[in-house]
Chemist: 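The structure follows.
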Amino acid sequence: MSSTHRILIAVLLVGNAVVFAGVDSPTRLMTAAIVLVLMIDLRRVPEVPLVVRAAAWTFLVLVVVQLLPLPVALRRLLQPGFAEVMTAGWAPLSLAPWSTIQVAASMVVVAGIALTTARMASTRSGLPILLGIIAATCGVLAVLGLAGESGAPENVLLIRANTGGGGVYGPFVNPNHFAAGIELSLPAALVLLAAALRNLPQPGSTRQRAAVTALASAVVVVVAVAAVLRSSSRGGVLFLAMALILTAGLWLRPRRARRWPWVAGVSVLLVVAGALAWTRLPEVRDGFAELFVVEGVDGNDRWDLWSGTVDSFSRSPVVGSGLGSYRHVIGLDKPATGTSILEQAHNDWLELASTTGIAGIVVLILLLVGIGVGLRPSRVRCLRFDLRYPLAGAATALVATALHEMVGFGLQTPVNRYLLAAWAGLIWGVWKRVDSSKMRERQRRAREQDTGPDEQQVLDGNVSDDVVIGEGGDLEF
């Protein structure tokens, strides 16, 4: 892995975090150019699970089908609910072809980032650098959020007009999108912090590096958590906490001698947190209820939007209305009330089903399988901490995002999509590294059987019973 890849990935993630979360057209064009350079320099496409390849090909076929001009009779057969608004003659299935092209192009960019980060994560030096880049992105987002907190609410970072409605926070036009960005980047700082703490007992320079890494990571964690709390994103706080609880089994692998101290420590923290939050519990309850309200407009709460989205899905259950067409078709089933303009379903998974139909749901399931296999607890918990912690961080980021997107649309912000792709690539890269270590170990044993163990050099990073072992750990943070 050349240093060019690492520099460009850092520029891509941190740069998009600074430049208004990458929502503007010039920023997207520059990002696409960077990804093109990354793919050219990649030379060889990294290995990804077979099910992910199947998802990619299915998605490609779906896009072609939605953009391919078809006769009106066939379109009425595939999209019976949209017959009333169909144009005569030959036309694409997508009711917003240009939006479909834009979404498809953005998915190509996401795929390029995932492949690049998979290649980085498969190397010994690339994995900690990738985690450092994501953690640095988290720190930049948090600092920008706190710095712009007292700014004019009509502008983003006092510069860009707020076109997203509601209050802004940092480089985002919506505090919930900011919280989604922290959800997707904070786990990297937690990974570096946890690994550094494990390396502190090591002697010499390893301990010095671990101390510096632990201090820097702790600062990022504290600032990021403070920024999320002050952003007033109730969903961000709730779903990040839920993700940490749900993935705790990947972070902690307590031995019998250490099990009760962990339980006691966590219990004390929960009791203290509950005591400190006791007087605010009614507000937390009310805040959770407000997660299902959009700007407090009567008739435009999330339940109304979701009901209209389900009706839109039923109009074309096989191929949907077309990627990116939601804002153009939702008015047929859920007209906006008052002065509101409905552009998102506030549930990315439901919106995806509405615009891509059953075919899009199949693509999503295949992707979830391709990612979930690499996060299976029975596999992850057998790894050393230097590989287990990155996978645990990926699980935390993905679980928090999956939960948050059930009531939001943070993944429609470009920088959040890029962070999600980076975590997916990290998962595939880590397991590629583990599989390569297993292969080297099998080859070494085969040579020992032929020539004897005394003639063989012991390789670093051997694998025994799915547990990566090596002197001082594979990663030095």
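These numbers were taken from a predicted model, which means no experiment stands behind them. By convention here, the first residue in the shown sequence is residue 1.
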Chemist: Please determine, by modelled atom types, if T116 and H5 share a side-chain donor-acceptor pair under 3.5 angstrom.
Modeler: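 H5 and T116 do not have a side-chain donor-acceptor pair below 3.5 Å.
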Chemist: Does a sphere of radius 6.0 Å around CE in M107 hold more than 12 heavy atoms from other residues, nucleotides or ligands, not counting ones at 6.0 Å or beyond?
Modeler: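 Yes.
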Chemist: Taking the side chain as C-beta and beyond, is there a heavy-atom pair between V61 and V65 under 4.5 Å?
Modeler: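 Heavy-atom side-chain distance check passes, below 4.5 Å.
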Chemist: What is the distance from atom CG of L74 to atom CG of L78, rounded to the nearest 0.5 Å?
Modeler: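 L74 CG to L78 CG: 4.5 Å, rounded to 0.5 Å.
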Chemist: Among side-chain atoms of S316 and R75, is any donor-acceptor pair under 3.5 angstrom?
Modeler: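 Distance-only check fails for S316 and R75.
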Chemist: How about T247 and T396: does a side-chain donor come under 3.5 Å of a side-chain acceptor?
Modeler: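 Looking only at side-chain atoms, T396 and T247 do form a donor-acceptor pair, the distance falling under 3.5 Å.
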Chemist: Using every non-hydrogen atom in the two residues, find where P187 and I182 come nearest and quote the distance to one decimal.
Modeler: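 Residues P187 and I182, closest heavy atoms: CD-O, 4.0 Å.
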Chemist: Do the ring planes of H404 and F239 sit parallel (below 30°), tilted (30 to 60°) or perpendicular (above 60°)?
Modeler: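 H404 vs F239 ring planes: tilted.
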Chemist: Would you say that P390 contacts L131 through its side chain, given a criterion of any heavy-atom pair below 4.5 Å between the two side chains?
Modeler: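 Answer yes - side chains close enough.
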Chemist: Please answer whether the main-chain N or O of A96 pairs with a side-chain N or O of T100 as donor and acceptor at a distance below 3.5 Å.
Modeler: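 Here the side-chain-to-backbone pair exists.
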Chemist: Would you give the length of the straight line joining atom OG of S94 to atom CG of L323, rounded to the nearest 0.5 angstrom?
Modeler: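 The distance works out to 7.5 Å.
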Chemist: Less than 3.5 Å apart, any donor N or O on the side chain of S354 or S312 sitting next to an acceptor on the other?
Modeler: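 Side-chain D/A pair, S354 to S312: present.
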Chemist: Evaluate the side-chain contact (heavy atoms from CB on, under 4.5 Å) criterion for residues K432 and R119: first the C-alpha distance (whole Å), next the side-chain angles of each, then the deciding distance (0.1 Å), finally the verdict.
Modeler: CA-CA 9 Å; K432 170 61 178 175; R119 185 70 180 276; over 6 Å; no
Chemist: Could you pull out the closest heavy-atom pair between G410 and A180, with the gap in Å?
Modeler: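 It is CA-CB, 4.3 Å.
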Chemist: Less than 4.5 Å apart, side chain to side chain, heavy atoms only: is that true for T309 and Y326?
Modeler: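 Yes, at least one pair of side-chain atoms sits under 4.5 Å.
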Chemist: Hey, could you give me the CG/OG1 distance between L13 and T117, rounded to the nearest 0.5 Å?
Modeler: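 Rounded to the nearest 0.5 Å, the CG-OG1 separation comes to 8.5 Å.
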Chemist: Do S307 and V310 make a side-chain contact, defined as non-hydrogen atoms from C-beta onward lying under 4.5 Å apart?
Modeler: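 No - every pair of side-chain heavy atoms lies 4.5 Å or more apart.
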Chemist: Taking only residues at least two apart or on different chains, which pairs with a member in residues 22-39 satisfy side-chain hydrogen bond (donor to acceptor under 3.5 Å, both in side chains)?
Modeler: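 Residue pairs with at least one partner in residues 22-39: N16-T31, D24-R160.
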Chemist: Where the side chain of W349 meets the backbone of A402, is there a donor-acceptor pair that is under 3.5 Å apart?
Modeler: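 Yes, the answer is positive, given that a donor and an acceptor are paired below the 3.5 Å cut-off.
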Chemist: Run through V415, T401, L141 and flag the one making a side chain to side chain contact (heavy atoms under 4.5 Å, CB included) with L184.
Modeler: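 Of V415, T401, L141, side chain to side chain contact (heavy atoms under 4.5 Å, CB included) with L184 is met by T401 alone.
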Chemist: Under 3.5 Å, is there a donor on one side chain and an acceptor on the other for T4 and D41?
Modeler: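 T4 vs D41: no donor-acceptor pair found between side chains.
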Chemist: For a quick test of reading the model, state the closest non-hydrogen atom pair linking R417 to Q412 and the distance between them.
Modeler: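 Taking every non-hydrogen atom into account, NH1-O, 3.2 Å.
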Chemist: Run the numbers on W428 and V52 for side-chain contact (heavy atoms from CB on, under 4.5 Å), then give the verdict.
Modeler: CA-CA 10 Å; W428 301 329; V52 176; 3.6 Å; yes
Chemist: For the residue pair E405 / N347, report whether a side-chain donor-acceptor contact shorter than 3.5 Å exists.
Modeler: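 On atom types as modelled, these side chains do not qualify, holding no pair under 3.5 Å.
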Chemist: Could you report the tightest heavy-atom contact between V228 and G236, atom names first, then the distance?
Modeler: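 Nearest heavy atoms, V228 then G236: CG1-C, 4.3 Å.
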Chemist: For the aromatic rings, using the six-membered ring if either is Trp, is the centroid distance between H177 and Y169 under 6.0 Å?
Modeler: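 No; Y169 has its ring centre 6.0 Å or more from that of H177.
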Chemist: I'd like to know whether CD of Q102 has more than 12 heavy-atom contacts from other residues, nucleotides or ligands below 6.0 angstrom.
Modeler: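 Count over threshold, so yes.
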Chemist: Checking L246 against L403 for the side-chain contact (heavy atoms from CB on, under 4.5 Å) test, could you report, in this order, the C-alpha distance in whole Å, the side-chain angles of both residues, the deciding distance, and whether it holds?
Modeler: CA-CA 11 Å; L246 293 174; L403 293 173; 4.3 Å; yes
Chemist: Are the side chains of N416 and F172 in contact, using a 4.5 Å heavy-atom criterion?
Modeler: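 Yes, their side chains come closer than 4.5 Å.
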Chemist: Distance check, rounded to the nearest 0.5 Å: L146 atom CG versus S231 atom OG?
Modeler: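 Spacing of CG (L146) from OG (S231) equals 9.5 Å.
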Chemist: Considering all heavy atoms of both residues, which atom of R6 and which atom of I129 are nearest to each other, and what is their separation?
Modeler: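 So the two residues come closest at NH1-CD1, 3.4 Å.
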Chemist: Using 0.5 Å steps for rounding, measure from the CD atom of Q66 to the OG atom of S325.
Modeler: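 Here the interatomic distance stands at 7.5 Å.
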Chemist: Side chains of R388 and L250: does their closest heavy-atom pair fall under 4.5 Å?
Modeler: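 Result no, sub-4.5 Å side-chain heavy-atom pair not found.
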Chemist: If you round to the nearest 0.5 Å, how far is CD1 of I371 from CG of L366?
Modeler: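 Answer rounded to 0.5 Å: 11.5 Å.
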Chemist: Donor-acceptor pair, distance only, cut-off 3.5 Å: does the side chain of T356 make one with the backbone of A359?
Modeler: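 Absent.
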Chemist: Tell me, please, whether W431 has R379 positioned over its six-membered ring: NZ or CZ under 6.0 Å from the ring centre and within 45 degrees of its axis?
Modeler: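 Yes, a cation-pi geometry holds between R379 and W431.
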Chemist: Determine whether D333 and R315 satisfy the following criterion, salt bridge (Lys or Arg N to Asp or Glu O under 4.0 Å), listing intermediate values before the conclusion.
Modeler: CA-CA 10 Å; D333 299 289; R315 289 177 177 268; 2.9 Å; yes
Chemist: Do L391 and I427 come close enough that some side-chain heavy atom pair is under 4.5 Å?
Modeler: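 Counting from C-beta outward, L391 and I427 do come under 4.5 Å.
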Chemist: Walk me through it: do L127 and L426 pass the test side-chain contact (heavy atoms from CB on, under 4.5 Å)?
Modeler: CA-CA 8 Å; L127 178 57; L426 182 146; 3.7 Å; yes
Chemist: Indicate the atoms forming the closest heavy-atom contact of V363 with F59, along with that distance.
Modeler: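 Shortest heavy-atom separation between V363 and F59 comes out as CG2-N, 3.8 Å.
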Chemist: Just wondering, more than 12 heavy atoms not from M406 lying within 6.0 Å of its CE?
Modeler: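 12 or below, so no.
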Chemist: Might you confirm whether atom CZ of R230 has over 12 heavy atoms from other residues, nucleotides or ligands at distances under 6.0 Å?
Modeler: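 No, the 6.0 Å shell around CZ holds no more than 12 heavy atoms from other groups.
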Chemist: Between L67 and I101, is there a side-chain heavy-atom distance shorter than 4.5 Å?
Modeler: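 In contact.
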